[in-house]
Amino acid sequence: QVHLVESGGGSVQTGGSLRLSCTTSVLSDSTYIIGWFRQAPGKEREGVAAIRTTAVTPYYADSVKGRFTISLDKSKNTVYLQMNLLKPEDTGMYYCAGAPPLAYGRRWLGPVDYNIWGQGTQVTVSS
């Protein structure tokens with residue numbers, strides 16, 4: 001059974017950094033897509049970044065481009081989300097999720113196609 005386990009959340013001030021980790025066995029499947037999503041209270045879950053397990057050309061939401069970087073280390077079965085220049089609007093519960101093959105593009109940030117989810121890790125950015 002496939003699992004995803006997130007870690008690395010916490011509380012930081014505006015402009016700070018955090019690195020989230022998602023440990024999963026899905027990386028052994030070269031066709032899978034791993035995405036990071038976030039959900040703030042009262043808001044819908046939104047895609048932040050996604051990467052294919054072959055690590056070719058990640059996809060980012062416009063709101064995080066230039067600040068967040070998604071990467072993976074197959075030797076550690078881990079996908080990372082490096083978050084820099086954090087803003088209060090980045091606050092939320094962050095989830096990693098896995099999806100079967102999808103055409104590259106905006107669909108990678110849509111939660112509906114993801115069928116495996118972690119339990120989430122909280123990120124709080126204070127002003």
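Side chains are part of it too, since the values below use all heavy atoms of this structure and drop only hydrogens, waters and symmetry mates.
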Going from [atom1] on [X] to [atom2] on [Y], what distance comes out if it is rounded to the nearest 0.5 angstrom?
X: Leu72; Y: Thr78; atom1: CG; atom2: OG1; result: 9.5 Å
X: Tyr32; Y: Ile116; atom1: OH; atom2: CD1; result: 3.5 Å
X: Trp36; Y: Thr121; atom1: CH2; atom2: OG1; result: 7.5 Å
X: Arg67; Y: Gln82; atom1: CZ; atom2: CD; result: 12.0 Å
X: Glu89; Y: Lys43; atom1: CD; atom2: NZ; result: 8.5 Å

Of all heavy-atom pairs between [X] and [Y], which one has the smallest distance, and what is that distance?
X: Ser71; Y: Ile51; result: CA-CD1, 4.2 Å
X: Ser127; Y: Pro88; result: CB-CG, 4.0 Å
X: Val79; Y: Ile70; result: CG1-CG1, 3.9 Å
X: Thr57; Y: Trp108; result: O-CZ3, 4.0 Å

Mark yes or no for whether [X], through its side chain, and [Y], through its backbone, hold a donor-acceptor pair below 3.5 Å.
X: Glu6; Y: Gln119; value: yes
X: Lys65; Y: Tyr59; value: no
X: Ser21; Y: Ser7; value: no
X: Arg106; Y: Ala61; value: no

### Task
Quick one: do Asp90 and Phe68 satisfy side chain to side chain contact (heavy atoms under 4.5 Å, CB included)? Show the steps, please.
CA-CA 11 Å; Asp90 294 318; Phe68 290 12; 3.9 Å; yes

### Query
Does Tyr80 have Arg19 sitting over its ring (NZ/CZ under 6.0 Å from centre, angle to axis within 45°)?
yes

### Cation-pi check, Arg45 onto Tyr95 ring (under 6.0 Å, within 45° of axis)
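Ring-cation test returns yes.
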
Is there a side-chain contact between [X] and [Y] (heavy atoms, below 4.5 Å)?
X: Leu18; Y: Leu86; answer: yes
X: Met93; Y: Thr124; answer: no
X: Thr14; Y: Val125; answer: yes
X: Met83; Y: Thr69; answer: no

## Note on the structure
Of Asp113, Ile33, Asn115, Thr31, the one forming a side chain to side chain contact (heavy atoms under 4.5 Å, CB included) with Pro100 is Asn115

### Task
Among Leu81, Leu20, Val12, find the one that has a side chain to side chain contact (heavy atoms under 4.5 Å, CB included) with Val123.
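Only one option passes, and that is Leu20.
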
### Query
With no hydrogens and no angle check, do the side chains of Thr23 and Asn77 hold a donor and an acceptor under 3.5 Å apart?
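Asn77 and Thr23 do not have a side-chain donor-acceptor pair below 3.5 Å.
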
### Hphob cluster co-occupancy, Val64 + Leu109, side-chain heavy atoms under 4.5 angstrom
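Cluster IDs for Val64 and Leu109 differ.
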
### Query
Is it true that Phe37 and Tyr60 fall in one hydrophobic cluster, defined by side-chain heavy atoms closer than 4.5 Å?
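Unlinked, Phe37 and Tyr60 end up in two clusters.
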
### Task
Assess whether atom CD of Gln122 is packed by more than 12 heavy atoms of other residues, nucleotides or ligands within 6.0 Å.
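Counting other residues, nucleotides and ligands, CD of Gln122 exceeds 12 neighbours.
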
